Every structure is written in structure tokens, then in C-alpha cells.
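The structure appears right after this line, and notes come after that.
Note that ligands are numbered from 1 as they come in the structure, with each ligand's atoms numbered from 1 the same way. Note that the coordinates shown come from a computational prediction; the quantities given were computed from them, not determined experimentally.
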Amino acid sequence: MLSQQQLKQEVARAAVEYVLPLLQPNAIIGVGTGSTANFFIDALAAHKGRFRGAVSSSDRSSARLTALGIHVFDLNDVQSMPVYVDGADEIDAGLHMVKGGGGALTREKIVASVAEQFVCIVDESKLVKQLGRFPLPVEVIPMAVNAVAREFIRLGARPVLREGFITDNGCPVLDVAGLAIADPVQFESRVNNMPGVVTCGLFAISGADIALMSTQDGVKQLRRASS
Ligand code: 5RP
């Protein structure tokens, strides 16, 4: 029986095998944040001569990439990326995700938006029928924390300020529990439209293109149920 850590390592290795054929020698790869993304960075480092460098979604991932000899580019200096690879806190059959458990949601969404393909790497515990059991991370402009929290309370949810945490963008995060997200695309728009919200951790309007999911029986590829 593989532990969750081993499952994360397995899917990270599978992701490297998946992305290598997509990388030209001048390619820049988008890299996410979290423990699964860390395993991906570690496995990717063995192939650093096969591509030009990376854009990362957090200072933590940038430091890890740099320490392993992978050059990190500023996104402003990059026009395109063939692929963005990142974990998720929850994913459904439509490949909509909840992300941001590590607090990097805004940069994750930005970097992913520039990549041609989002490859989500998860272990099987992350697959859910309906998003919302994992509290939804919402990055908020500091002066709007209480106003946004009240909006969620009006929706019947339970927002909690992430104690002692500030994002790489200098903003706090509300973790919103008690949501059953029946329509992730519509709900992402609704939250994004709350004044003071920087980004919410729903990745539904633009979800993953493919998910690699490690199970006790090996790594499976999930494509969108509708495609
Ligand atoms: C960070 C994220 C991560 O992808 C998400 O929290 C999953 O993390 P892990 O791979 O450690 O389970 O969105 O902001």
C-alpha cells in the first residue's frame, strides 16, 4: 500500500514523462506550488538540459527550481509556455479544481493562463463528486477582508481568515468552508465579482486540460467528462 506521499511522488514522475515530449530546447515550462509540485520540480531537474527554464507560481517554487539549477524567468519576459503543471486540493470529473491550499492561487491562475495546457497532478484522494468540501481559498485585498467575509456569511458559508499568512502578493487569504459548489463556473464568476476579491481558488472557467491521478493501481489519465 503506497502512502499519500509516495502517490504524490509517483504522479510527479509520471508528469515529467508526460511533459518531456512537449518541450523544445527553448521551451519555458510553467511550474506550480505545493508538495506534489515539489516532487515534480525534483524529478524535472534530472532533465534540465532539455528545456530553457521555468516560470513559477510562488517564491517557494522559484527558490526550489533555482537551487536545482533550473533558470526561473519573470512571466513578463515570457510569451508562451507549452504546459503548466500543478497540484490541486480537489478536482471533479469535469476537471474543475479547488486550489490555493498553499496560498499561491493568484499566481497559479496567472501562470496557467499563459500556458497552452494545464496538467493537474493529484493523488486519488483529491478526486471528488462535487467541489467544496475543501474550504475555498480566497485571496483578498487587506481592507476588504471583513466585507468579503460578510458576503460569504450571507451565502451561508463559514469564512476563516488564514492566521499568520500573507501571499507573495502581500494579501490575506480567507478559507471558506460550508460551500457545496453545484455550478463551479458560475460560482467562480460570482466570487471573482465580489469587490475586494483578488482571486478565488476555483479553477473552473478555465480548468485542467488533463489530470494525471495516482492510485494504488498506477497513474491514470483523466480527460474532461464533456470532451
Ligand atoms: C497551492 C496549491 C496546491 O496545488 C494544492 O494546495 C495542493 O497541494 P499539495 O500538492 O501539497 O497537496 O494550490 O496553492
Legend entry - Ligand-side contact atoms (ligand 1) for residue partner Thr33, heavy atom cut-off under 4.0 Å: 1 (C), 2 (C), 3 (C), 4 (O)
Inset, instruction - Taking atom types as modelled, find out whether Asp217 and Thr215 have a side-chain donor-acceptor pair closer than 3.5 angstrom. - result: no
Legend entry - Numbered atoms of ligand 1 (with element) below 4.0 Å of Gly87, judged on heavy atoms: 4 (O)
Legend entry - Check: Gly102 N/O within less than 3.5 Å of ligand 1 N/O: yes
Inset, instruction - Measure the distance from atom 13 (O) of ligand 1 to every protein heavy atom, then report the residue, atom name and distance (to 0.1 Å) of the closest one. - result: Gly100 N, 2.7 Å
Inset, instruction - List the closest protein heavy-atom neighbour of atom 1 (C) of ligand 1: residue, atom name, distance to the nearest 0.1 Å. - result: Glu108 OE2, 3.0 Å
Legend entry - For ligand 1, the portion of Pro137 having any non-hydrogen atom under 4.0 Å away: neither
Inset, instruction - Specify the protein heavy atom at minimum distance from atom 6 (O) of ligand 1: its residue, its atom name, and the distance to 0.1 Å. - result: Asp89 OD1, 2.6 Å
Inset, instruction - Run the numbers for me: atoms of ligand 1, each under 4.0 Å from some heavy atom of Lys99, listed by number. - result: 2 (C), 3 (C), 4 (O), 13 (O)
Legend entry - Nearest non-hydrogen protein atom, atom 10 (O) of ligand 1: Thr36 OG1, 2.5 Å
Legend entry - For Gly103, the ligand 1 atoms whose distance to one of its heavy atoms is below 4.0 Å: 14 (O)
Legend entry - From Val173, Val197, Leu105, residue fulfilling side chain to side chain contact (heavy atoms under 4.5 Å, CB included) relative to Val138: Val197
Inset, instruction - Give a yes/no verdict on a cation-pi contact between Lys99 and Phe203, requiring under 6.0 Å between NZ or CZ and the six-membered ring centre and an angle within 45° of the axis. - result: yes
Inset, instruction - Answer whether the closest heavy-atom distance between the side chains of Ile121 and Val85 falls below 4.5 Å. - result: yes
Inset, instruction - Using a strict 4.0 Å threshold on nitrogen-to-oxygen distance, state whether Arg190 and Asp183 make a salt bridge. - result: no
Inset, instruction - For atom 11 (O) of ligand 1, grab the closest protein heavy atom and report residue, atom and distance to one decimal in Å. - result: Ser35 OG, 2.5 Å
Legend entry - Lys126 neighbourhood, listing ligand 1 atoms whose heavy-atom distance to it stays under 4.0 Å: 7 (C), 9 (P), 12 (O)
Legend entry - Under 3.5 Å side-chain donor-acceptor pair for Ser58 and Thr33: yes
Inset, instruction - Give the numbers and elements of all ligand 1 atoms closer than 4.0 Å to a heavy atom of Asp86. - result: 4 (O)
Inset, instruction - Enumerate the atoms of ligand 1 whose separation from the nearest heavy atom of Ala104 is less than 4.0 angstrom. - result: 14 (O)
Legend entry - NZ/NE/NH1/NH2 to OD/OE distance under 4.0 Å, Lys109 and Glu188: yes
Legend entry - Check: Arg162 and Leu174 side chains under 4.5 Å, non-hydrogen atoms: no
Legend entry - Check: Gln4/Asp123 side-chain N/O donor and acceptor closer than 3.5 Å: yes
Legend entry - Numbering as shown, the atoms of ligand 1 that approach Lys8 to under 4.0 Å (heavy-atom distance): 9 (P), 11 (O), 12 (O)
Legend entry - Salt-bridge contact Asp42-Arg64 (side-chain N to carboxylate O under 4.0 Å): yes
Legend entry - Close N or O approach (Leu105, ligand 1; < 3.5 Å): no
